[in-house]
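Remarks on the structure that follows.
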Amino acid sequence: MKRAMSDREFHARLEAEALGPLWTVLADTLTTTPRPREVAYKWRWPSVRPLLYEALQRVTAEEAERRVLVLRNPGLPGPTACTETLYAGIQIIGPGEVARTHRHTPNALRFIMEGSGAFSTVDGERIAMDRGDLVTTPTWTWHDHGNDGDAPVVWLDGLDIPLVESLSGMFFEPSREREQRVTRAPGDSRARYAMGLRPAYETFDHPYSPVLSYPYNQARAALAAVARGGGGSPYDGVLMEYTSPLSGGPVLPTMDAYLQWIPPGASLQPIRRSSSVVYLGVEGQGTIMIDGVAFGWEVNDVVVVPSWAALQHVNGGHDPAVLFSFSNAPVLKPFGLYREADA
Ligand code: 1HN
């Protein structure tokens with residue numbers, strides 16, 4: 001086509017009217033496969049731990065609201081982004097400290113990395129936090145944390161903050177009560193919903209699991225029993241999802257969570273997934289190959305796997321390797337956006 005004026009000049013006139021040509025950006029928009037800005041990355045516990053304990057000295061829980069080192073993805077601009085949709089951070093609470101009561105629309109899950117004797121009070125129920133436990137604080141639930149033990153307690157926080165921000169869905173409310181009054185019996189949500197029974201006289205109509213705590217001794221025992229029976233997938237070994245007993249689906253509407261057993265000597269099959277996944281080493285050691293790069297992990301290391309990266313689990317050791325992970329798959333699946341392919 002004949003052009004009376006240069007494209008550059010035309011584009012400048014478009015821009016002045018808040019317009020733009022699609023034809024120059026289409027190839028960067030309709031990419032054949034996902035091209036996330038998040039990069040594969042590993043945070044080593046031996047590097048993180050001393051900085052976390054230094055933060056314990058430098059700032060009080062009171063001052064900080066939450067004393068957390070954020071796992072910032074080097075490929076992403078935001079101060080709170082581990083992936084395009086997920087936040088991850090490592091929180092520490094000292095003996096006797098209180099992380100005051102608040103609530104927010106982002107969903108949170110916590111996997112306890114070190115220590116015991118901490119607790120979260122979630123909507124009036126006091127939930128124990130000991131090493132290996134998974135504890136959730138679903139969207140808009142009141143929560144505060146404390147530590148009745150004599151040593152600091154450390155956990156991995158997973159939240160859907162970047163997703164909520166991108167959807168302009170952020171709401172936050174501090175409570176006037178620094179610590180919540182406990183209004184439910186110990187183990188109430190477990191007794192109501194986690195025992196293969198449910199209260200026949202009430203309906204739970206929230207989009208998340210009514211179970212707020214998945215203790216490690218139970219999850220670990222289930223994993224080991226399935227592994228002993230020879231179960232597992234060629235890609236993930238024994239991958240067990242923490243589920244809502246009501247839906248059979250993910251624990252939170254926007255994040256699913258898994259405990260995974262990779263048998264000694266396993267070199268599993270590589271796979272791509274359109275979810276992004278944050279892994280935490282729980283027991284033993286292993287290697288996550290991501291697009292051909294080896295990320296060797298040990299206990300309490302965190303590894304982030306970007307969407308559509310080629311992912312392969314290897315356990316070259318003589319002991320089982322146990323990983324915790326969480327992902328954004330529950331947001332992709334209802335919209336037909338979740339895919340897998342052999343890599
Ligand atoms: C939050 O409320 C917690 O309650 C942890 O422990 C991390 C990161 C961003 C925003 C809110 C918590 C958080 C957070």
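If you're wondering where the values come from, they're calculated on a predicted model, not measured in any experiment. For this chain, numbers begin at 1 and follow the sequence in order. When a ligand or atom number is given, it counts from 1 through the structure's own listing order.
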What atoms of ligand 1 come closer than 4.0 angstrom to any heavy atom of Asp157?
5 (C), 7 (C)
Could you tell me the residue and atom name of the protein heavy atom closest to atom 1 (C) of ligand 1, and the distance to it rounded to 0.1 Å?
His104 NE2, 3.7 Å
Quick one: does Glu65 get a heavy atom under 4.0 Å from ligand 1?
no
Which residue supplies the protein heavy atom nearest to atom 4 (O) of ligand 1, what is that atom called, and how far is it?
Arg66 NE, 2.7 Å
Closest protein heavy atom (residue, atom, distance) for atom 14 (C) of ligand 1:
Leu159 CD2, 3.9 Å
Could you tell me how the ring of Tyr208 sits relative to the ring of Phe204: parallel (under 30°), tilted (30 to 60°) or perpendicular (over 60°)?
perpendicular
Is Arg272 paired with Glu340 through a side-chain N to carboxylate O contact shorter than 4.0 Å?
no
Identify the closest protein heavy atom to atom 6 (O) of ligand 1: which residue and atom is it, and at what distance?
His145 NE2, 2.6 Å
Hey, are Glu38 and Asn73 close enough side-chain-wise for a donor-acceptor pair under 3.5 Å?
no
What atoms of ligand 1 come closer than 4.0 angstrom to any heavy atom of His102?
1 (C), 2 (O), 4 (O)
Would you call the rings of Phe171 and Trp140 parallel, tilted or perpendicular, where under 30° means parallel and over 60° means perpendicular?
perpendicular
Which word best sums up how the rings of His102 and Phe172 line up, parallel for under 30°, tilted for 30 to 60°, or perpendicular for over 60°?
perpendicular
Under 4.0 Å from any heavy atom of Gln91, which atoms of ligand 1 are there?
5 (C), 6 (O), 12 (C)
With a heavy-atom distance limit of 4.0 Å, tell me whether Ile161 approaches ligand 1 through its side chain, its backbone, both, or neither.
side chain
Evaluate ring pair (Phe, Tyr, Trp, His ring centres under 6.0 Å) for His313 paired with Trp261, printing each intermediate quantity in order.
CA-CA 10 Å; His313 289 288; Trp261 175 290; over 10 Å; no
Is it true that Trp43 and Tyr41 have ring centroids separated by less than 6.0 Å?
yes
Contact between Tyr87 and ligand 1, counting heavy atoms under 4.0 Å?
yes
